[in-house]
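Have a look at the structure below, then the notes.
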Amino acid sequence: MRDLAGALAQRRKQHLYRHRRTIDGPQGPHLQSNGQALLSFCSNDYLGLASHPRLIEAMQQGVSLYGVGSGASHLVCGHSKAHHDLEQALADFCGQPRALLFSNGYMANLGVITALADRHDGIFQDKLNHASLIDAAQLSGGTLRRFPHLNTDALKQQLDVSKYHDSIIATDGVFSMDGDIAPLPQLLQLANTSDSWLVIDEAHALGTLGIHGRGCREYFGLPDKIDRLITVGTLGKAFGTSGAFVAGSADLIETLIQLSRTYIYTTAPPPAIAHATLASLRLIENEDWRRIHLTNLIQYFRHQAQQASLPLMDSETAIQPLLLGSSECALNLSEQLIDKGFLVSAIRPPTVPQGQARLRITLSAAHQEEQIDQLIHAIVSSLNSSPLKRITT
Ligand SMILES: *Cc1c(COP(=O)(O)O)cnc(C)c1O
C-alpha cells in the first residue's frame, strides 16, 4: 500500500503542496477570505461578469422557469429549451453552423478528441497545452505526439513522417499559464496540407480576444467557414458562468452527440446556467467597453511592470505571468502578497515545467489602474525585502 502521509510530507518539503482557500461571498476584484479583505489578481473572470447583476437576475429567472436540476442527460430528457437556445446563440457567435454544450471544458476536450481519434490515429499537441487536452489524447488510445511550444516547424516535421490513419492537431488558443497566443494561421495551413483536424481550445480567448471577443480566429482575421477547424469554448472564464461547448459543422456536432462519452453519460447542467449564460453572451456582444478597458489595463500593467524591471513574459493577453524560477521563490512571493492584501497564485510544477515557477497575474475588466499600481508596488517591495533572490532566466 502506498505511503500517502509520506508522499504528502515530501510534497510539502518540495514547496509543491497545494491547499484551497475559502472565499466568502461573490467573485470580483475585492474578495473576503477568512475575515481578510484581498484584492484579487488570479481569477479567470476576465470581463468581471461572474457576479454581474444581469447574470444574477437571469440565473434567478432561469431557476423560476426550469427549476434547479436538469433531471437527466441530454439524450434522455435533460435537454431543455435554455440549453438549445444557448447552443444556437454560441454557434452564431462563433460563426459556425452548430454548437454542443458540455458540462465543462475538461469534458468538452475529452469528448471531442475521443470521438474523433482511436488507436490508429495521431494527436499532435503543443507541449504547453492544457491538461485536459493531454488527458483526452491519452484516453482516446491514439498516439500523443507533443511539439515544442509554438514551434510549427517541429510540428511540420512530425506530420511529414506521420503514418497514422487520421491526425488531429490540438492547441490552446491563449496558453493558460503563459498568456501567449497560438500561431493559428500556420497551424491551419499545416492542418490543410496534412489533412488533419485542428482543435483550438479558446478557454482564455473567448470574450476577450478579437474586436468582438470571438477569440483567436477573429484575432487573426480568419474566415468563419473552415470545416477542419473545431472550436472548444469554455463558459466559466470570461463568460462568468459555467460549462463549455464545441462549435463546428453539423456533421461534427451530430457525431459528438452519437459518440462523445463525456456528453452522453452525464447529467445535463442546470438549465438556469444556460439561461444565465445567454444573458452573459448578450453582454459580451453588446458591451464592447469591457474588452476595451481590459486591453488598456493590459498595456498599462506591462508598462508599469517594465518600469519596475519585473520579469514579464511575452504576453499581450489578460494572463500576465511573472517568471520567478523556483517554486520556493514563487510561493514566498505569493505569501508575502497575501500579507499585504493581494491574492495572486504561485504556479508551480507540474502545472509548469521545472524551474519555471511563476506568479500568475490575471487582469479583469473589473480592475482599475490604481489597483495595478498598488499590486506592482507590493510586488516590488516584497522582492526587495525577500531573502530569496529571484532567478531570472
Ligand atoms: C480552464 C480550461 C479548461 C477547462 O475548462 P473548465 O470548464 O474549467 O473545465 C480547458 N482548457 C483550457 C485551456 C482551460 O484554461
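Residues take their numbers from the sequence shown, with the count starting at 1. Whatever order the structure lists them in is the order used to number ligands and atoms, beginning at 1. Hydrogens, waters and symmetry mates play no part in the numbers below; they use all other heavy atoms, side chains included.
Remark: Glu57 does not engage Arg54 in a salt bridge, criterion side-chain N to carboxylate O under 4.0 Å. A salt bridge is absent between Asp153 and Lys156; no separation between the charged side-chain nitrogens and carboxylate oxygens falls under 4.0 Å. Ion pairing between Glu202 and Arg217 fails under the 4.0 Å rule for side-chain N and carboxylate O.
Among protein heavy atoms, the minimum distance from atom 14 (C) of ligand 1 is reached at Lys237 NZ, 2.8 Å. For atom 11 (N) of ligand 1, the closest non-hydrogen atom of the protein is Asp201 OD2, 2.5 Å.
Some N or O of His204 is nearer than 3.5 Å to an N or O of ligand 1, by distance alone. Considering backbone and side-chain N/O atoms, Ser176 never comes within less than 3.5 Å of an N/O atom of ligand 1. Considering backbone and side-chain N/O of Thr234, none are found under 3.5 Å from N/O of ligand 1.
Per-residue contacts place Ser132 under 4.0 angstrom from the following atoms of ligand 1 (heavy atoms of the residue considered): 10 (C), 11 (N). Every atom of ligand 1 is numbered from 1 in the order shown, and the set under 4.0 Å from a heavy atom of Asp172 is 13 (C).
Side-chain rings of His149 and Phe175 approach one another, their centers coming within less than 6.0 Å.
Side-chain atoms of Ser80 come within 3.5 Å of backbone atoms of His83 as a donor-acceptor pair (strictly under, hydrogens ignored).
Atom CD of Glu254 is separated from atom CG of Leu259 by 11.0 Å, given to the nearest 0.5 angstrom. Atom CG of residue Asp121 and atom CG of residue Leu116 lie 9.0 Å apart, to the nearest 0.5 angstrom.
The heavy atom nearest to atom 6 (P) of ligand 1, out of those in Gly233, Gly105, Gly243, is found in Gly105. Of the candidates Phe239, Tyr106, Phe175, Tyr106 brings a heavy atom nearest to atom 9 (O) of ligand 1.
The part of Ala203 lying near ligand 1 is the side chain, judged by heavy-atom distances below 4.0 Å.
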